[in-house]
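Residue numbers start from 1 in every chain, and the chains themselves are labelled A, B, ... in the order their sequence lines are given, proteins ahead of strands.
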Amino acid sequence: MPPPRIIVSSLARPCHACKSSRISTPRFLPLLFHRTASHASQGRANKAAPGPGKRLGAKKGALELVVPGNIIFRQRGTHWFPGENCAMGRDHTIFAKEKGYVTYYRDPELHPKRKYIGVVFQRGMKLPVPRNAPRRRRLGLVGRERELTTMAGVEVPEGEGLEVGGITEAQGTLRQQTKEARSKVPDMKRLELRPGYQYRESNYSIGRTAERAGVKTRQLKKGGRVLHNLKRKAKREAAERRAMGKKQKRQRKGGSKGGNI
Amino acid sequence: MALPTYTIRPALRCLRKAYYLGPGPLSSSHRFTTTALRQDEAIAESTIDASTPAPPPAPPSQYLDPEMVSTPRQERKLFKTLGLQPIGSRRRRAALKGSDNVPFEQMPYQCFQEARKVLQEDREIKLGQIAEMRRRIARWQNTPTAECGGEVAKKGKLLRMHRHLEELKVLADINDPMIKKRFEDGMGDMNRPIYRYLADKKWRAYKRRILMQRISQMYVVPDMFQHLDPTAEVSLAFGRRNIQPGEFVDSRISEKPARLKIQPFDKGERLVTVAVMDADVPDEERDAFTSRCHFLAVNIPVSPTSTSVPFSKLSKESHIVLPWLPPYAQKGAPYHRLGVFVLQQPGEGDQAKMDVVGLQESMARKRDRFRVRGFAQNHALHPIGVHLFRSKWDEGTDAVVTRAGIEGFNIEYARKKPEKLPYKKKDGERYR
């Protein structure tokens, strides 16, 4: 640090050598007078200005009941670390992950210097848990009955394991079969992955369902009376349908025109 | 990697031809190529004029030799036509393809032969030490206990001597290149200490580390066992599917009993107990997790050479205490960890045998809440091998469970609504 430069007039330090000159020079302060500050006049130097308190510290004491999400400790930096059933937030806040009682403890086996905050399920429990003891875990789930939705109840006949597209016992999917085995699988059982992620039979196969079921239809004589009547009926109905369609269209058109007038 | 002859660049081919005119692999002329050629290929090549383009190569006589196939295509062909698996690594096979198969004794390198001599001398020394050690052990065994300084001192001394003998046996063979080759080809005889030593080293180098990592990551220690230090390699498979430690296994795959391969690395036959335990069974009443036994079999003989333990082939009368129960997880429950434990039974020979009938009776109703830790403690069993896999609810589980006739499965789990702290009424005075 440079020594303070205080430029004072010669008046400040009278000496014998310049006595005569003192008499001759007029008495006034020199124009250049400068005194540097040795103490700050502003800022926090004169008065601590701490600002608002940040409300740090313990929010829950030892053995106090907490539920998941409760803040246990607010801090700057990690004075405390999250132990069992606790976690640390973005600003090092320790909060509870389980319902239980707060415990402040050390775990020298885990880390010799750290202090931990944990949550135990029951009041008497101690932390840290011995290294070789099983963890104490909470299920935290509720069960409700449900229907078994798969084909579990459906009896799968012996040797016909190809219905499901996924894995079936021993036989595998259709694609895993040899060419020969594949050809023996009937059409309706060839369930393949189709658009829309469905395992179903092909449209071709569906179209032939009636044929497979042996549904008999009446064989009509070509050029016969019955067939002639059926065709006429169909024609008439088609014509009627067309006429209806036209009528409706016309009506709709007329309606809109009327609205304009 | 050695290239096939026809892919070597023309210039290099000329160079090779220029000096390789010796009678064959037994010549003492030195060759300075980095890649050696097989003898038959080299001779065939020397007849080709360098100026004319090489004709397409005829397939080599040993085209599908399992020792020498070096392309994936050839490997596939080998498997398809001859049903053989290639031997050793592809890199090794390729190197073998391009080498003259000269025995080590006839290698024309002086320095190499001198080095071999040193190794052989060392082996002789080691063999002498082994003989000496055996003599000393025999002498020590015959000495009366009083002269040895007590029972404990004698036992300790003998134990140390035996350990040293085993070390010497390994050291005698460790520098033998043929041993190394045979081990790498998977032809090692596990009855010999050297192969057991090499196999153990290989297992510890990678597989065991993975296993230990999974054990600690998935809390097998301490949830299922207080401490584990596996000394035998255990691999698990369902049918043809090999399972890595900690892998998720589809319930349809794990429906059938598993197959274990237990590879101990110390000599002798021992009896083991195999237990499969699920450590994540939801227990809604206690709002906690409990455990369940999925398989328990005892008195299974295992040795370094007989390693396969298929659960489905174990006898119901003399081995199986609790038959295989397919692993299953209810919908919505967190994944289940299933630990496979191989526990060595104390004692030797018939002394080690456990009472199967008695166990079957006592364990019949103890599937639920079975803990392998307590079971091992009660029967003084020592864990020598571990494996684990995971299982969660999937679309096949319902069918698997129905087929197995498991009751009380039709439950779906959902998250419990978190409780709130009871509302504390503030002190009335503050609001007056």
Identify whether NZ of Lys or CZ of Arg in A:Lys115 sits under 6.0 Å from the centre of the six-membered ring of A:Phe81 and within 45° of that ring's axis. no
Is a donor on one side and an acceptor on the other found under 3.5 Å between the side chain of B:Trp324 and the backbone of B:Glu255? yes
Tell me, side chain or backbone of B:Arg373 under 4.5 Å from chain A's heavy atoms, or both, or neither? side chain
Can a donor-acceptor pair be found, under 3.5 Å and without considering hydrogens, that links the side chain of B:Thr402 to the backbone of B:Asp398? yes
Turns out that what part of B:Lys420 lies under 4.5 Å from chain A's heavy atoms comes down to backbone
Could you point out which residue of A:Lys113, A:Arg114, A:Arg131 forms a salt bridge (charged side-chain N to carboxylate O under 4.0 Å, His left out) with A:Asp107? A:Arg131
Ring geometry between B:Phe311 and B:Phe295 (parallel below 30°, tilted from 30 to 60°, perpendicular above 60°): parallel
We want to know whether B:Arg371 and B:Ser291 form a side-chain donor-acceptor pair, criterion being a heavy-atom distance below 3.5 angstrom. no
Pair A:Tyr104, A:Tyr116 - check ring-ring contact (aromatic ring centres under 6.0 Å, His included), show working. CA-CA 6 Å; A:Tyr104 291 80; A:Tyr116 294 93; over 10 Å; no
Contact list (residues 272-281 of chain B to chain A, heavy-atom gap under 4.5 Å, by number) returns B:Ala279, B:Asp280
Ranked by heavy-atom pairs below 4.5 Å to chain A, first place among B:Arg415, B:Glu284, B:Gln226, B:Lys331 goes to B:Glu284
Kindly indicate, with the supporting measurements, whether the criterion ring-ring contact (aromatic ring centres under 6.0 Å, His included) is fulfilled by B:Phe238 and B:Phe389. CA-CA 11 Å; B:Phe238 287 101; B:Phe389 64 96; 5.5 Å; yes
Testing B:Val220, B:Val340, B:Ile243 for side chain to side chain contact (heavy atoms under 4.5 Å, CB included) with B:Leu388, which one passes? B:Val220
For the candidates B:His227, B:Glu412, B:Lys416, which exhibits the highest count of non-hydrogen atom pairs separated by less than 4.5 Å from chain A? B:Glu412
Chain B contacts, top residue of A:Leu65, A:Val67, A:Val142, A:Asn132 (heavy-atom pairs, under 4.5 Å): A:Val142
By a 4.5 Å heavy-atom criterion (distance strictly below it), what part of B:Phe225 contacts chain A: side chain, backbone, both, or neither? neither
